[in-house]
Amino acid sequence: MNQKKQKRKHFLVSALPLFLAAVLALSACGQAERKTDGKKETLPQLQIGVDNLKPFFYIDHNGDYAGIDADIAKEACRRAGYEPVFTEVAWDERDHYLESGDLDCLWTAFIMDGREDRYNWTDRYLDSDLAILVEKNAPDKSLEEFQGPGGVAVRAGSKAEELFLKMKNTKDGQPESVYSCGTFSMAVTAFVKGYANGLAGHRVVLQQLLDSNPGEYKYLEEHWQRVHLGVAFLKGQDTEQRDRINEALLEMKADGSIQQIAKQYGMDADETGEAAEHEEK
Amino acid sequence: MKKNKISDSPRILRMAGWIFAVASIAVFSIAGFSVAIQDLRQTYRLAQETASFLETQCEKYDNYAKGISAKSIQEILDRAEGLKKFIAPEQYSSSDFLSYFIRAEHLSGAIILDDTFSVVAQADLDEKDSASMWEHVIGRQSVRDILTYPGKKYVDEVTIDGTPYQFAVIANADADGLILCYASAQKPSRDIYGYSVEQILNGNNFHKNPIALVTGGEWILSSTDPELTGMGTEECQITRPGEIRWKKDALTRFSYKNSIWYGIHQVSGTYSLYVLYPSDEVFANRKSFFVIGFMAYLMVIVLILAVQRYFDRKNLDNTRKQLSIIRGISLSYASIFLYHMETKKMEAVKLSDGFRALFHGAKTADFVEAVCEKYLDPENREKVFELLHEETLEERLRGKPYIGKEIQIKTGQWYSLVLIPQEYDAEDHLKMVLAVIRDISHIKQAQELSFKDRLTGLHNRNYMEVKGRQFLREGKLPFSLIMADCNYLKRTNDTLGHEYGDKLLRKVAEIFQESAPENCEVIRIGGDEFLILGRECPREQAEEIVARIRERFAEESSETLPLSAAFGIHTTEEGEFSFEKAYYLADQAMYRDKKGTHR
């Protein structure tokens with residue numbers, strides 16, 4: 001009897017380590033799943049109209065809004081006490097949404113230059129270079145000489161389009177072709193497929209196409225035009241939202257938050273406004 | 001002397017067992033936990049790689065679809081350019097021509113606008129009112145800019161009344177009006193290129209056999225599980241919004257089809273990507289680890305048991321051998337007892353028939369008392385009590401292999417009683433004593449025979465040699481040797497015969513025996529020579545003994561038995577005692593006396 005008990009005891013002593021090890025290992029896996037939810041503060045919403053334009057604004061792998069403007073907007077809203085609500089709009093129809101009251105502001109690489117009187121702008125929070133991309137084997141011509149049957153692909157309603165249309169139009173009164181696409185993505189495809197000879201837009205946007213297709217393209221004009229970016233609110237409305245966002249943006253610019261975000265996404269130091277700040281000092 | 005101490009081995013072994021068990025728990029837990037973590041990490045890495053592959057496939061498909069779309073738009077633009085080039089100004093307002101044109105050019109429709117953006121002509125394949133359909137687009141600034149900047153070609157996609165369209169707007173040849181051509185958006189056709197979104201996961205096998213899913217909008221576009229392909233995202237538990245709380249940049253654990261799964265969810269453009277692994281696949285290494293670990297553990301246990309069994313068997317063999325020897329040896333003992341010093345209890349290992357009745361049920365002291373009473377005379381009883389005296393037993397046994405006594409019982413038999421220290425405790429105190437009793441009567445008898453002179457009954461020369469060495473060891477001084485040589489033995493033998501010679505010797509021996517005190521022993525060395533050994537016997541006493549013998553000789557001497565002897569005495573009073581030397585000197589003295597007698 002005793003021997004039996006002893007044997008059973010020995011078996012338990014032998015099996016116990018395995019059993020406990022298994023339990024610990026399994027419980028360890030279970031623990032990795034636990035998480036707690038924090039309380040959320042209720043804030044007034046800021047309806048922000050955005051355009052899918054990587055790296056200014058896009059949806060990342062997790063399905064979250066990401067990009068230079070997304071990050072700046074989130075942080076500015078946090079500081080100004082707003083909950084940002086992003087709504088993707090057809091950028092060509094942006095004014096319609098703003099005027100209808102569906103949106104409070106427009107905020108994706110939106111260029112202030114030439115539109116100063118059209119919107120109630122914040123102060124410029126970032127600079128950006130417009131650039132022109134061409135095929136690697138394209139002849140090195142000046143921008144004025146650059147022309148072709150397909151023309152330059154641009155996003156309809158963009159500053160690049162405006163600059164091109166005005167430039168071409170004033171050359172000799174004979175318009176050259178400008179391939180205006182409803183979306184920047186269409187403009188890129190038209191350029192990549194060879195339906196347009198060049199592609200114009202923000203340098204930091206074009207750089208991604210350049211990087212993902214090494215040896216395929218080159219800049220015709222890397223720093224074609226320096227433009228200022230701002231957040232556009234509807235003119236003639238209560239300026240409280242603009243003022244609070246503007247204050248937050250100025251604060252972020254002063255503490256270097258904006259520059260830091262922009263650099264993360266590949267913008268040059270002078271585009272982030274650092275150089276300009278130094279010059280001003 | 002080797003002492004047997006209480007062994008700590010069982011306790012140490014038990015402790016070692018527990019330490020081994022606890023260490024095993026720790027090692028298995030840490031290793032199991034580590035392997036599980038590694039499994040999760042490896043699965044996450046594989047999921048990312050698979051998702052990355054899916055993303056590449058989606059991009060590839062997107063580029064393909066965009067290329068097709070761009071080509072379609074370019075074709076619409078080319079047709080608009082063709083219309084611009086070949087249409088005569090007078091045909092601008094001809095809807096019939098336009099209708100012919102759209103059919104010939106495979107367009108869905110076309111609109112001609114004047115410089116006020118009013119419709120001049122329109123045509124639609126489905127006879128729809130193009131002007132009202134496209135009113136919203138015509139109102140766009142991008143369209144209106146074309147009149148200002150005739151170099152602008154404007155292309156876009158738009159959905160009108162649920163139908164997706166692609167369109168192109170350009171200025172007419174005179175730049176005083178616009179041409180808008182449109183076509184319903186064509187989907188990439190697998191009939192032409194053999195490539196569709198459903199196929200992007202076809203023929204791909206992934207490590208650890210995950211379920212991979214690609215969804216776009218409301219449908220599962222492609223999956224490694226054919227059952228899921230084409231299913232609505234709302235119908236599938238995995239893709240239903242809000243059903244699973246997906247973690248960011250980490251594996252998510254969830255329940256699916258009554259089992260546990262791990263997976264990731266990523267967004268790539270307009271696509272959602274899912275890579276899902278069943279728990280069994282995720283923790284395949286952990287499972288293997290536990291199976292192999294358990295096998296190794298069992299092997300170690302079996303090995304330990306085998307080694308233990310080998311040594312146990314070896315020990316058992318040794319023990320059996322020893323027991324066999326002990327049993328053999330014990331046969332020569334009448335009785336064997338184990339005496340426990342602490343409890344003062346006696347344990348019988350072997351009992352003689354005589355002892356059995358006395359031992360049964362009796363206390364130790366009573367048993368000893370009964371044995372002494374039954375078998376021993378007072379003198380031997382004293383010897384036994386002296387040997388068994390408990391207060392001094394440990395001290396007497398210290399440093400000795402055994403102590404013992406030879407005891408003669410009432411029936412005349414001789415026994416040896418030997419005490420052997422058996423076991424000491426950790427403090428070196430005696431715990432157990434083995435008491436063995438052996439019948440030595442036959443030894444004693446043989447000893448008697450070899451030491452006895454058969455004619456006179458005295459001890460013989462053998463005895464002298466043994467005793468001489470014993471006395472030398474004892475060194476009890478003063479020690480006297482009295483040598484004696486009988487006179488007239490030869491003459492008696494010669495004249496009266498050996499019978500009288502023997503009588504003479506027996507008489508002499510008798511007188512010697514009677515004259516010698518207790519501390520003296522009389523020995524017939526041989527022929528007519530006698531020796532008296534006197535322990536603690538000063539010379540005066542030796543001389544007294546000789547004088548008494550002479551006196552007795554004078555009294556007992558007759559014509560037929562003339563009793564006379566020459567004596568030589570040597571006494572070692574002090575210093576080193578040498579038996580040979582004393583014997584020699586006594587012998588010399590005896591010769592001197594003999595010469596004096598015969599002179």
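Throughout, a chain's letter reflects where its sequence line sits, starting with A, and its residues are numbered from 1.
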Return yes if a side-chain donor-acceptor contact under 3.5 Å exists between A:Tyr97 and A:Glu93, otherwise no.
no
Residue among B:Lys66, B:Lys248, B:Gln141, B:His265 with most heavy-atom pairs under 4.5 Å to chain A
B:Lys248
Using a cut-off of under 4.5 Å for heavy-atom pairs, which of B:Val169, B:Val158, B:Asp249, B:Asp156 has the most such pairs with chain A?
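Looking at each option in turn, the highest pair count goes to B:Asp156.
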Chain A contact via [X] - side chain, backbone, both or neither, heavy atoms under 4.5 Å:
X       : answer
B:Glu55 : side chain
B:Gln74 : both
B:Leu77 : side chain

Do [X] and [Y] have ring centres separated by under 6.0 Å?
X        : Y        : value
A:Tyr265 : A:Phe56  : no
A:Trp121 : A:Phe110 : yes
B:Tyr277 : B:Trp261 : no
B:Tyr149 : A:Phe164 : no

Name the option with the most non-hydrogen atom pairs under 4.5 Å to chain B; the candidates are A:Val154, A:Thr183, A:Thr189.
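The answer is A:Thr189.
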Hey, what's the ring geometry for B:Tyr297 with B:Phe28, parallel, tilted or perpendicular (30° and 60° as the breaks)?
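It falls in the perpendicular class, over 60°.
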Tell me, for A:Asp64 versus chain B, whether the close heavy atoms (under 4.5 Å) come from the side chain, the backbone, both or neither.
side chain
